[in-house]
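Small disclaimer: the values here were computed from a predicted structure and weren't measured.
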Amino acid sequence: MWKVPRQVVTPDLEEDIKRLLSPEILRLFKLCEDEEKKVRIQRITEMLDFLDHLSDFRNYLNSINKRTKREENGMTFMDSSIIFNGHDYSGCEFDVEALIYYMYVSIIDTSMAKENIYISLKDFMKDRISKENTTRTNVLALCDEYNSLYGLSKNFKDVFESRIPSELQEKFANGILILSDNRKTGYAKADIDDRWEKWKKKELNLKMKRIASGLYNIRSSYTHSNIRNFIPSRKWDGDTLDSNVRYLLQEDTDLLGLLKSVILELCVDMLTK
């Protein structure tokens with residue numbers, strides 16, 4: 001006997017689109033005659049619905065967390081104790097949060113139109129390489145050109161750099177500070193303050209390039225290294241920030257809310273083209 005995949009159906013798709021995306025997107029969805037686009041909208045909606053369930057599960061785990069304070073080597077740690085259904089779920093809330101972030105970024109991948117027809121690296125190099133440009137420098141330059149045209153991150157970065165309105169770009173740029181990927185020592189508060197002042201003076205397009213690259217690198221770290229990436233959620237009140245911190249959020253910045261706004265923009269763009 002053979003096993004076959006399940007056929008999964010969303011019972012009230014239109015109501016979910018209205019609730020999780022917007023009434024306007026539902027209107028455009030009903031008018032759309034492109035089945036491929038409608039399938040993508042359905043998948044985006046289903047993923048957002050799942051993220052709602054994950055958020056509720058994370059909130060429940062936090063509500064039953066019996067935290068205890070522990071001192072070790074002059075440092076204070078908060079230990080978790082989450083017992084649910086006879087199992088210890090301590091730390092699971094961080095993994096759920098990491099998955100939620102990863103899925104929001106993945107939904108952006110699903111939402112955006114692929115503007116370039118994909119060409120394999122072999123075909124790309126075959127059309128451009130010759131006896132005259134086979135030095136190591138030339139080949140590496142061609143690889144860089146290929147990545148800029150067809151790399152996995154290209155479309156994602158294009159969204160933040162050129163496909164969302166400037167008002168939304170400003171919200172990202174005013175709420176996020178991207179730090180160094182190769183920092184070896186911690187950051188003092190004065191260092192962060194200085195970086196923020198310099199950040200505010202940068203041109204918007206340069207800030208968006210840095211933000212797009214930083215957000216995508218976090219997504220890639222989850223994919224390739226299975227990192228427990230924590231969305232910044234607590235006030236920094238220490239003297240030194242760890243060097244492995246990759247980005248900071250202003251206190252009133254809702255990163256997932258900003259990513260959701262990007263998804264909404266892309267869905268409208270998809271259905272009106």
Side-chain angles (χ1 to χ4, degrees), residues 8 10-13 15-22 41-70 75-111 156 168 171-172 175-179 211 214-238 241-242 244-264 266-267:
V8 181
T10 301
D12 198 347
L13 177 61
E15 183 59 34
D16 286 347
I17 293 173
K18 180 180 178 181
R19 174 174 59 90
L20 295 163
L21 294 172
S22 73
I41 292 294
Q42 176 174 344
R43 187 63 191 123
I44 291 164
T45 304
E46 291 167 341
M47 292 170 77
L48 288 173
D49 194 33
F50 177 56
L51 290 178
D52 268 5
H53 300 329
L54 281 180
S55 294
D56 288 343
F57 178 59
R58 181 191 60 182
N59 292 340
Y60 175 73
L61 292 180
N62 282 327
S63 74
I64 62 173
N65 190 1
K66 297 179 179 178
R67 299 181 184 275
T68 55
K69 188 180 293 186
R70 172 171 54 90
M75 299 181 66
T76 301
F77 297 89
M78 294 299 295
D79 291 334
S80 293
S81 177
I82 302 175
I83 307 301
F84 171 60
N85 200 28
H87 296 279
D88 187 352
Y89 281 78
S90 302
C92 183
E93 71 273 31
F94 301 127
D95 294 307
V96 171
E97 184 177 89
L99 177 59
I100 288 172
Y101 173 85
Y102 173 81
M103 286 190 66
Y104 264 97
V105 175
S106 296
I107 292 171
I108 291 176
D109 275 334
T110 305
S111 305
F156 179 84
L168 185 52
K171 289 180 180 179
F172 274 96
I176 301 176
L177 175 62
I178 301 294
L179 300 174
I211 287 172
L215 294 179
Y216 193 83
N217 286 343
I218 295 165
R219 178 256 193 206
S220 297
S221 295
Y222 183 91
T223 304
H224 301 298
S225 305
N226 199 25
I227 65 165
R228 284 171 139 189
N229 172 61
F230 311 134
I231 299 172
S233 59
R234 65 178 180 85
K235 186 175 181 180
W236 173 36
D237 53 8
L241 191 67
D242 289 342
N244 62 357
V245 174
R246 296 292 179 257
Y247 66 110
L248 297 173
L249 297 183
Q250 286 285 351
E251 192 171 357
D252 59 349
T253 298
D254 175 7
L255 179 59
L256 294 182
L258 289 176
L259 294 176
K260 177 71 174 290
S261 295
V262 172
I263 292 166
L264 296 178
L266 292 174
C267 286

Which heavy atom in [X] sits nearest to a heavy atom in [Y], and how many Å separate them?
X	Y	value
P232	L249	O-CD1, 3.9 Å
S90	I82	OG-N, 3.0 Å
R219	V105	CG-CG1, 3.6 Å
L259	Y104	CD1-CB, 4.0 Å
V96	L54	CG1-O, 3.6 Å
Y101	I218	CE2-CG2, 3.5 Å

So L248 and L241, side chain to side chain contact (heavy atoms under 4.5 Å, CB included) or not? Walk me through it.
-> CA-CA 10 Å; L248 297 173; L241 191 67; 3.7 Å; yes
Would you compute the distance between atom [atom1] of [X] and atom [atom2] of [Y] and round it to the nearest 0.5 angstrom?
X	Y	atom1	atom2	result
Y102	L51	OH	CG	12.0 Å
I108	M103	CD1	CE	12.5 Å
T110	I41	OG1	CD1	10.5 Å
N244	R246	CG	CZ	6.0 Å
I44	S106	CD1	OG	11.5 Å
L21	C267	CG	SG	5.0 Å

Could you tell me whether R19 and D49 make a salt bridge, using a distance below 4.0 angstrom between a side-chain N and a carboxylate O?
->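 Judged by the 4.0 Å cut-off on N to carboxylate O distance, R19 and D49 do form a salt bridge.
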In terms of the angle between their ring planes, are Y89 and F57 parallel, tilted or perpendicular, with boundaries placed at 30° and 60°?
->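 Answer is perpendicular, since the angle exceeds 60°.
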Does I231 offer a backbone N or O that forms a donor-acceptor pair with the side chain of E97 under 3.5 Å?
->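 Yes, because the side chain of E97 sits within donor-acceptor range (under 3.5 Å) of the backbone of I231.
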Using side-chain heavy atoms (C-beta onward) and a distance below 4.5 Å, is [X] in contact with [Y]?
X	Y	result
S81	T68	no
D254	K260	no
W236	V245	no

Give the C-alpha distance, both sets of side-chain angles, the deciding distance and a yes or no for side chain to side chain contact (heavy atoms under 4.5 Å, CB included) between L255 and Y247.
-> CA-CA 11 Å; L255 179 59; Y247 66 110; 3.7 Å; yes
Does a side chain donor of either N65 or S80 reach within less than 3.5 Å of an acceptor in the other side chain?
->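 Yes, S80 and N65 have a side-chain donor paired with an acceptor closer than 3.5 Å.
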List the steps, then state whether side chain to side chain contact (heavy atoms under 4.5 Å, CB included) holds for K66 with I83.
-> CA-CA 9 Å; K66 297 179 179 178; I83 307 301; over 6 Å; no
Could you walk me through whether E15 and T10 pass the side chain to side chain contact (heavy atoms under 4.5 Å, CB included) test, one step at a time?
-> CA-CA 10 Å; E15 183 59 34; T10 301; over 6 Å; no
